[in-house]
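Here is the structure we will look at.
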Amino acid sequence: MKKILLLAIAATMTTVSTQAQTDITLDQEAMYFDIDELPNAVNWLPAPPEPNSTQFAYDLTQYMWGKGERLNEERAQQAIDNGVTDVAEMAEQFSKPFGMEISKEKTPCIFHVLTRGVLTVRLCATKPKTTFVRLRPFVRYNEPTLIPADEETLRQNGSYPSGHSIRGWAMTLLLCEINPDAQDDLLALGYQWGQSRVIAGYHWQSDVDAGRILASAGYARLHTNEEFLADIAAARAEYVRLAGGNTQVNAPKAVMTTRSAAIYNMAGEQLNNEPSTGAYIQNGKKYIKKAE
């Protein structure tokens, strides 16, 4: 362990330029939220591990693990395939666990909410990337990656958190909401999507872990947007229709109040069903307060 830490400390401490931090071009009008309306991870997400910390030692061992995984040709190819950022290319890979081809032509409602949702949630990475400005592992150790074509562009882009992991986890959560029966297979791919960035050499494990947390935070924020709620409902309805009616959209259940619900004692015996303003328990029985 001491040797690992010394290696980490001795590594180049060159900082990344604050320029070229955004690795995608976004149509702001397509977003459900502006960047300032989304969770600001700088205010609550821990800074990336320092090179002389035990947390960084774990990052380093995971980086070594990732290089070992490259010897598995199938897993290495998956890491390369998972390196895409275009929503259409991502959707193509998620189609198999989803159980249906996802495309702008075949599933327009699903594709629409995926595009807007993924790109909106991805904005959550912008502020922490430009604040922490962390060196990527392939830059720190001057080693090759599995995707050489991306090296020049991402060399100047902060490593923490992982934007690819945010995209992958956001798409996973969106598709799980549309087709919850496929959640296990979707979550498996979403998890592997993040690990692929460690294997490819573009991210530390803590970058990926932070990306999943940020994606979940952004995903929760989406559910406060009326346009998103309408879009996700349309996507779910489209899925049900295309699936041949073998599943159904779970509509929100009505909430029963004490004013209209029957009242029972601990033995399950109905006591009163008159309009009420509340209930209380006394001597093992539940009573109601009658409405005025």
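Note that this is a predicted model, so its numbers are computed, not measured.
Thr172 approaches Gly190 most closely through the heavy-atom pair OG1-CA, 3.1 Å. The two atoms that bring Arg75 and Ser196 nearest to each other are NH1-OG, 3.0 Å, heavy atoms only. Listed here is the closest heavy atom pair of Ala76 and Leu146: O-CD1, 3.8 Å. In terms of heavy-atom proximity, Ala170 sits nearest to Ala215 at N-CB, 4.0 Å. Between Val113 and Leu174, the shortest heavy-atom contact is O-CD1, 4.2 Å. The two residues Gly194 and Val208 have their closest heavy-atom pair at O-CG2, 3.3 Å.
When atom types are taken as modelled, the side chain of Arg167 and the backbone of Leu119 share no donor-acceptor pair closer than 3.5 angstrom. In terms of modelled atom types and a separation under 3.5 Å, the side chain of Asp34 and the main chain of Glu37 share no donor-acceptor contact. Side-chain atoms of Arg136 come within 3.5 Å of backbone N or O of Asn157 as a donor-acceptor pair. Judged by distance alone, with hydrogens and angles left aside, the side-chain atoms of Lys129 form a donor-acceptor pair with the main-chain N or O of Pro161 at under 3.5 Å. Using modelled atom types, one side-chain atom of Arg70 and one backbone atom of Ile199 make a donor-acceptor pair closer than 3.5 Å. Of the possible polar contacts, one joining the Arg212 side chain to the Tyr191 backbone as a donor-acceptor pair under 3.5 Å is found. Proximity of a side-chain donor or acceptor of Thr120 to a complementary backbone N or O of Tyr32 within less than 3.5 Å is detected. Side-chain atoms of Asn225 never come within 3.5 Å of backbone atoms of Leu222 as a donor-acceptor pair (strictly under, hydrogens ignored). Between the His203 side chain and the Ser159 main chain, a donor and an acceptor come within less than 3.5 Å of each other. A donor-acceptor pair is defined here as one N or O able to donate and one able to accept, closer than 3.5 Å; no such pair exists between the side chain of Tyr239 and the backbone of Thr107.
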Between Gln78 and Gln93, does a side chain to side chain donor-acceptor pair (under 3.5 Å) hold up when you go through it step by step? CA-CA 10 Å; Gln78 182 185 350; Gln93 296 184 48; over 6 Å; no

Practice problem: Evaluate side-chain contact (heavy atoms from CB on, under 4.5 Å) for Phe228 paired with Ile232, printing each intermediate quantity in order. | Solution: CA-CA 6 Å; Phe228 169 77; Ile232 196 72; 4.0 Å; yes

- Is there a side-chain contact (heavy atoms from CB on, under 4.5 Å) between Gln77 and Asn72 once you walk through the steps? CA-CA 9 Å; Gln77 185 59 53; Asn72 180 329; over 6 Å; no

Start with the C-alpha distance between Arg134 and Asp207, add both sets of side-chain angles, then the distance that settles salt bridge (charged side-chain N to carboxylate O under 4.0 Å, His left out), and finish with yes or no. CA-CA 9 Å; Arg134 189 184 196 189; Asp207 300 339; 2.8 Å; yes

**Prompt:** Hey, mind stepping through Phe138 and Arg155 against side-chain contact (heavy atoms from CB on, under 4.5 Å) and telling me if it holds?
**Reply:** CA-CA 8 Å; Phe138 83 92; Arg155 183 178 298 275; 3.7 Å; yes

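Within the 4.5 Å cutoff, no side-chain heavy atoms of Gln55 are placed close to those of Glu50. Residues Leu175 and Ile110 form a side-chain contact, since some pair of their non-hydrogen atoms from C-beta on lies under 4.5 Å apart. Using a 4.5 Å heavy-atom threshold, the side chains of Trp204 and Tyr160 count as separate. Contact check for Leu114 versus Met171: side-chain heavy atoms found under the 4.5 Å cut-off. Counting heavy atoms from C-beta outward, Thr224 and Phe33 have side chains that approach closer than 4.5 Å.
Asp59 and Arg140 are not joined by a salt bridge, as no carboxylate oxygen comes within less than 4.0 angstrom of a charged side-chain nitrogen. Salt-bridge check for Arg116 with Asp231: passed, with a basic side-chain N closer than 4.0 Å to an acidic carboxylate O. With respect to the salt-bridge test (charged N to carboxylate O, under 4.0 angstrom), the residues Asp36 and Lys127 qualify.
Atom NE2 of residue His112 and atom CD of residue Glu238 lie 11.0 Å apart, to the nearest 0.5 angstrom. To the nearest 0.5 angstrom, Asp184 atom CG is 10.0 Å from Asp181 atom CG. Here CD1 of Ile147 is found 8.5 Å from CG of Asn82. Values are rounded to the nearest 0.5 Å.
Cluster annotation: Met64 and Leu71 are assigned to distinct hydrophobic clusters (Ile/Leu/Val/Met/Phe/Trp/Tyr, side-chain heavy-atom contacts under 4.5 Å, transitive). In the hydrophobic cluster analysis, where Ile, Leu, Val, Met, Phe, Trp and Tyr join through side-chain heavy atoms closer than 4.5 angstrom, Leu242 is grouped together with Phe98. Note on Leu123 and Val42: separate hydrophobic clusters, where clusters join Ile, Leu, Val, Met, Phe, Trp and Tyr whose side-chain heavy atoms are under 4.5 Å apart, directly or indirectly.
Counting non-hydrogen atoms of other residues, nucleotides and ligands closer than 6.0 Å to CG of Asn142 gives a total of 12 or fewer. Residue Glu92 qualifies as open at atom CD: its count of foreign heavy atoms under 6.0 Å is 12 or below.
Between the side chains of Gln205 and Gln195, at least one donor-acceptor pair of N or O atoms lies under 3.5 Å. Residues Glu151 and Thr145 have side chains that bring a donor and an acceptor to within less than 3.5 angstrom of each other.
Each of Tyr58, Phe56, Tyr141 was scored for a ring-ring contact (aromatic ring centres under 6.0 Å, His included) with Tyr63, with one residue passing: Tyr141.
Less than 6.0 angstrom separates the ring centroid of Phe94 from the ring centroid of Trp193.
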